[in-house]
Protein chains: 2
Amino acid sequence: MLATLKDVARLAGVSVKTVSNVVNGYSFVKPDNRRRVEAALEATGYRPNLGARNLRRGRTGFIALVLPELSIPYFAELAGLVIAAAQEHEWNVLIEQTFGTLSGERLALASLGPHLVDAAILSPEALQADDFQLSVPAVLLGEHAVDVPISRVGIDNVAASMAAVRHLISLGRTRIAAIGAHPQRGTAALRLEGYRAALAEAGLDFDPSFVVPALNYHRADGAAAMKSLLDMRNPPDAVFCFNDLLAIGAMRAAAERFVRVPRDLAIVGFDNNEESVYSSPSLTSIAPDKAAIASAAVDLLHARAGSPDLVLDDVQTPFSLLVRESTVVR
Amino acid sequence: MLATLKDVARLAGVSVKTVSNVVNGYSFVKPDNRRRVEAALEATGYRPNLGARNLRRGRTGFIALVLPELSIPYFAELAGLVIAAAQEHEWNVLIEQTFGTLSGERLALASLGPHLVDAAILSPEALQADDFQLSVPAVLLGEHAVDVPISRVGIDNVAASMAAVRHLISLGRTRIAAIGAHPQRGTAALRLEGYRAALAEAGLDFDPSFVVPALNYHRADGAAAMKSLLDMRNPPDAVFCFNDLLAIGAMRAAAERFVRVPRDLAIVGFDNNEESVYSSPSLTSIAPDKAAIASAAVDLLHARAGSPDLVLDDVQTPFSLLVRESTVVR
DNA sequence: TTGAAAGCGCTAACAT
DNA sequence: ATGTTAGCGCTTTCAA
């Protein structure tokens, strides 16, 4: 078995307290004792039992990251960055997948007691306001449709969407569609708002038939939406997709119909997945600073940790528009 | 604060043992008591403290999943499946990213004491044989160059690679290159072996200049490798890439040089990322059964859990070749 | 400065 | 069938 504090103490001929002090770098330990303890530590290969330590300290050493699915590139990337950011605060990350369903999200939230995690980072899609009965500090990633008293971290979705659509307008496109409308999702509502604002600003008419909903934000949904747009009597000459996956699907559908991108159809995505840099054509996309989102969320939770004050933060992280081949004719 | 077993016991007017029995579904509890306990459980909203339970049970409730990077689609997908599989055994998953470096992998292994996790699933790339001083049951994903006494789960890399190259040969291709050779990686060696075996079987010459190494298996590496192949005086008419990311990069490089895929160049990948279904052209790929890999790994660990017997398993999971546009001319 | 001992919340002998 | 109690490994008063 593994050496415990007691084993080390016995070997060093001191009390567990002294060993504990050395291990935790506390107070002043008599140099002589310190040396003996360190030798014993080395000899036994002592490693603290985090479970026991956390039980005693009244913390768990974990934060939860609740997200739809790791197979979605955006969340996979984000998860990697959250894990890295959490490490700075000696936190381990527990990933819970909800698959974007209400029941999945409720299940995940229910399992989030203070006995399991110290805090949680949430990326919900279907949750209702009264579902948020959290018993641990939490932060929401991206805006949410319902108004809940939880701090948020994310980019300015309206501004980002306006930037995307303005770019299409600056290219001379006038029949601009949007893919990804969703009745429940807050981010969808905001991106739609940005889309409409950019159109209005340019004096372009808003055509409801150019707004295509998407139940999910997967590639298949983007392809299906694009097909429906291409079936129109008077199809669009540009599309703003609410994420890159939808855009990739849209590009695939366009290719299958021999619609040339960007010549016949310009496409902009959102998220800037690595995949979008290598697609043919490469995809113009809104690039949120994911590392900034991850570390802002973790830092905010860390600050909240001890003090359950009720200050609500709304951290806005930067974004940029990366112009690639899907919008600019070579 | 949260209700403890003791609180519930006091409220129900029974001992903690009885409550514990009810909570854990143990033995026979007098119906009357059971009802009272359940009422108290409900009233207090009791949730067991997993940390305390695991401390007492001498387990941690966690398994580690050590992988290069979550931003690599294959590992992101796998991680999602491992999390799901682990849930069946009441395990939570701790993801450690190594970024494929020796130091990163050593660091991850070092942190893997039995006080932290009950077991570990490893996907190492650089580790040496003598690094494997594990103190918990572990399973290796995919073969490894060095021969270590750890059970493995994965597909038959030689057979899968042969299937990929045979497919190219059956298409009439004769100048078949390979991208992804790597001196340290076991899987790379096996895939190369399958490549050579398929060539030999068909009586095709093995041309070392057609084997391009890749330091990493990212899209950028595939693009660079492809460029070097296209620079040859007599370039290949087909490429077998050791993973989909390399293949996606290769397709991108081909497109930039106006090399038509599959007409001028057929491309096969390995992993069957979702991304490969939607690329243009879509990518023919070897599709390992990732769910089978994930559950086989977790099940194996679960079986090992109590009994530290030294039986070495080598579980072979199924794979298939999915033929898509990157190899078949429409 | 260090030791003794209590106790975090839970489970499992052991006793009844 | 249920209560009592020890103790998992650790941190932390409280004394000395």
Side-chain angles (χ1 to χ4, degrees), chain A residues 1-38 40-41 44-62 90 113-118 135-136 306, chain B residues 1-38 40-41 44-62 90 92 113-118 135-136 305-306:
Chain A
M1 254 326 264
L2 221 60
T4 72
L5 262 196
K6 206 152 71 174
D7 299 328
V8 179
R10 197 177 322 117
L11 186 62
V14 297
S15 78
V16 289
K17 176 72 202 307
T18 305
V19 181
S20 178
N21 281 344
V22 171
V23 169
N24 293 290
Y26 280 165
S27 70
F28 290 37
V29 179
K30 206 156 34 178
D32 184 41
N33 278 345
R34 176 178 295 276
R35 228 176 305 110
R36 297 235 301 289
V37 169
E38 276 164 354
L41 246 20
T44 55
Y46 173 79
R47 311 275 287 135
N49 180 320
L50 272 352
R53 170 181 291 175
N54 291 329
L55 172 59
R56 179 60 235 230
R57 282 188 179 161
R59 69 188 292 257
T60 70
F62 290 93
E90 295 192 295
H115 50 285
L116 219 209
V117 296
D118 298 326
S135 50
V136 295
Chain B
M1 255 324 266
L2 222 59
T4 73
L5 262 197
K6 207 152 72 174
D7 299 329
V8 179
R10 196 179 320 115
L11 186 61
V14 298
S15 78
V16 289
K17 176 71 202 308
T18 304
V19 181
S20 178
N21 282 345
V22 171
V23 169
N24 293 289
Y26 281 165
S27 70
F28 289 38
V29 178
K30 206 158 30 178
D32 184 43
N33 278 343
R34 177 179 294 277
R35 228 177 303 111
R36 298 233 302 287
V37 170
E38 275 164 354
L41 246 21
T44 55
Y46 173 79
R47 310 276 286 137
N49 180 319
L50 272 354
R53 170 181 290 175
N54 291 328
L55 172 59
R56 178 60 237 226
R57 283 190 177 158
R59 68 190 291 261
T60 68
F62 290 93
E90 295 191 295
N92 275 115
H115 49 285
L116 219 209
V117 295
D118 298 326
S135 50
V136 294

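Computed from a prediction, not measured in an experiment: that's the story for all the values here. The figures here come from the full heavy-atom set of this structure, side chains too, leaving out hydrogens, waters and symmetry mates.
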- Hey, does A/Val19 have a side-chain heavy atom less than 4.5 Å from the side chain of A/Val22? no

- Message: Does any part of the side chain of A/Val23, heavy atoms only, come nearer than 4.5 Å to the side chain of A/Leu41, both counted from C-beta?
- Response: yes

- Taking CG from A/Asn54 and C1' from C/dG7, how many angstroms apart are they, rounded to a whole number? 16 Å

- Item | Residue whose closest nucleotide on DNA chain D lies nearer the 5' end, B/Lys30 versus B/Leu55 | B/Lys30

- Task: Compare side-chain N and O positions of A/Ser15 against OP1 and OP2 of C/dG3 and report whether any pair is under 4.0 Å apart.
- Result: yes

- Query: Can you check whether B/Thr18 has a side-chain N or O nearer than 4.0 Å to OP1 or OP2 of D/dG3?
  - Reply: yes

- Specify the angle, to 10°, made by the local axes at the two ends of the helix from C/dT1-D/dA16 to C/dT16-D/dA1 when five pairs are taken at each end. 40°

- Item | Non-hydrogen side-chain atoms of A/Val37 and A/Val29 separated by less than 4.5 Å | no

- Query: How about A/Asn54 and A/Thr60: does a side-chain donor come under 3.5 Å of a side-chain acceptor?
  - Reply: no

- Message: Measure CZ/A/Arg59 against C1'/D/dC10 and give the value in whole Å, please.
- Response: 13 Å

- Query: Closer than 4.0 Å, any side-chain N/O of B/Asn33 to the OP1 or OP2 of D/dT2?
  - Reply: yes

- Item | Derivation and outcome, side chain to side chain contact (heavy atoms under 4.5 Å, CB included), residues A/Asp7 and A/Thr4 | CA-CA 5 Å; A/Asp7 299 328; A/Thr4 72; 3.4 Å; yes

- Which atom pair, heavy atoms only, marks the closest approach of B/Pro48 to B/Arg53? CB-NH2, 3.5 Å

- Item | Nearest-Å distance for atom pair CG/P, residues B/Leu50 and C/dC10 | 10 Å

- Task: Give the C-alpha distance, both sets of side-chain angles, the deciding distance and a yes or no for side chain to side chain contact (heavy atoms under 4.5 Å, CB included) between B/Leu55 and A/Asn49.
- Result: CA-CA 9 Å; B/Leu55 172 59; A/Asn49 180 320; 4.3 Å; yes

- Going 5' to 3' along nucleotides 11-16 of chain C, which nucleotides have protein heavy atoms under 4.0 Å from the base (write B), which only from the sugar-phosphate (write S), and which from neither (write -)? BBB---

- How long is the line joining CZ of B/Arg35 and C1' of D/dA1, in whole Å? 16 Å

- Query: Do A/Asp118 side-chain atoms and A/Gly61 backbone N/O form a donor-acceptor pair below 3.5 Å?
  - Reply: yes

- Item | Length of the line joining B/Lys6:NZ and D/dA6:C1', which is rounded to integer Å | 14 Å

- Query: Within the side chain of B/Ser20, is there an N or O that forms a donor-acceptor pair under 3.5 Å with the backbone of B/Val16?
  - Reply: no

- Query: To the nearest Å, how far apart are A/Asp32 CG and C/dT1 C1'?
  - Reply: 13 Å

- Task: Calculate the interatomic distance between A/Arg47 atom CZ and D/dC10 atom C1'; express it in whole Å.
- Result: 16 Å

